[in-house]
Structure formats: C-alpha cells, structure tokens
Amino acid sequence: MYFQHAPTEQQTLPLSAIAFRRYLATYQIEPLDVALKSGVRYLTVWRIRQGQPVHRQDEMLVRQGLVRMTGVPYTAPLLTRADTEAIDIAHKSKIKSPGRMSWG
C-alpha cells in the first residue's frame, strides 16, 4: 500500500516565493503595506508571493519599497517577465517546427 501525502504550500511554491514570504514574515510586513509603500498594485505583490513573474519596473519598485520599510535590502531573486521571456525563447528554439506539408 502506498501512502501519498498532501504537499505543503512551501513544497509547491518556487524558491523566489518562499524567500519573499520569509522576508515579509521576518520583518512582520503585510503584503498590502508593501504595495502601498512601493507604489504598485496589490496584485503585483500577490504575484511575487505566488512566485509568478512581474514586470521589471514593478520588481525594482517593490525592492525600493522594502528597503524603505525595513532598512534592509531584499536581495533574493524575484521572477520577472523578462526572465520568463528569455526562458520561453530558449525553449522555443529547441522545438523544431514540422516541415511544410504538401497536399498534392
């Protein structure tokens, strides 16, 4: 008999999200406060907490907001759209498109 355990939230989140959540917990910061202090939408902070990519400009604003709030720079990586676009391009270049099919 095999037992399956439900993965914990940290086992399913990317490392960038885990690090961001730990930073917020360490300094007892609420995500809404990060959004307000950084001048970004709350959804942007939510995306970071989920390990989803954000625009590079929003990433820089969040980092600046965090250092203003804590006095300690946030140095862990954050996933940005530019990073994911580079990954997509590299992945697509490895996939070969099928040749043209002739119908007659």
Less than 4.5 Å apart, any side-chain heavy atom of L36 and any of Y42? no
Without swapping roles, check the side chain of T44 against the backbone of V40 for a donor-acceptor pair under 3.5 Å. no
Between R21 (side chain) and R49 (backbone), is there a donor-acceptor pair under 3.5 Å? yes
Distance from D58 atom CG to R63 atom CZ, nearest 0.5 Å? 12.5 Å
Do other residues, nucleotides or ligands put more than 12 heavy atoms under 6.0 Å from L15 CG? no
All heavy atoms of L79 vs all of G51, minimum pair found to be CD2-O, 3.6 Å
Please examine the side chains of R81 and V54, heavy atoms only from C-beta on, and report whether any two atoms are closer than 4.5 Å. no
Please check if the side chain of T70 supplies one atom and the backbone of V72 the other of a donor-acceptor pair under 3.5 Å. yes
When you measure from the side chain of R68 to the backbone N and O of K37, does any donor-acceptor pair fall under 3.5 Å? yes
For residues R41 and W46, determine if any side-chain heavy atom of one lies less than 4.5 Å from a side-chain heavy atom of the other. no
Is L61 reachable from Y27 through a run of hydrophobic residues whose side-chain heavy atoms are each under 4.5 Å from the next? yes
Can Q50 and L13 be said to form a side chain to side chain contact (heavy atoms under 4.5 Å, CB included), step by step? CA-CA 7 Å; Q50 298 303 314; L13 288 173; 4.3 Å; yes
If you compare all heavy atoms of T80 against all heavy atoms of R56, which two are closest, and at what distance to 0.1 Å? OG1-NH2, 3.3 Å
With a 4.5 Å limit on heavy-atom distance, are the side chains of E59 and V62 in contact? no
State, yes or no, whether a side-chain contact exists between S38 and L66 at a heavy-atom distance under 4.5 Å. no
When you measure from the side chain of Y74 to the backbone N and O of V67, does any donor-acceptor pair fall under 3.5 Å? no
Same cluster for V34 and L32 if Ile/Leu/Val/Met/Phe/Trp/Tyr side chains link at under 4.5 Å? no
Check whether R47 reaches the backbone of P53 with its side chain - one donor and one acceptor, N or O, closer than 3.5 Å. yes
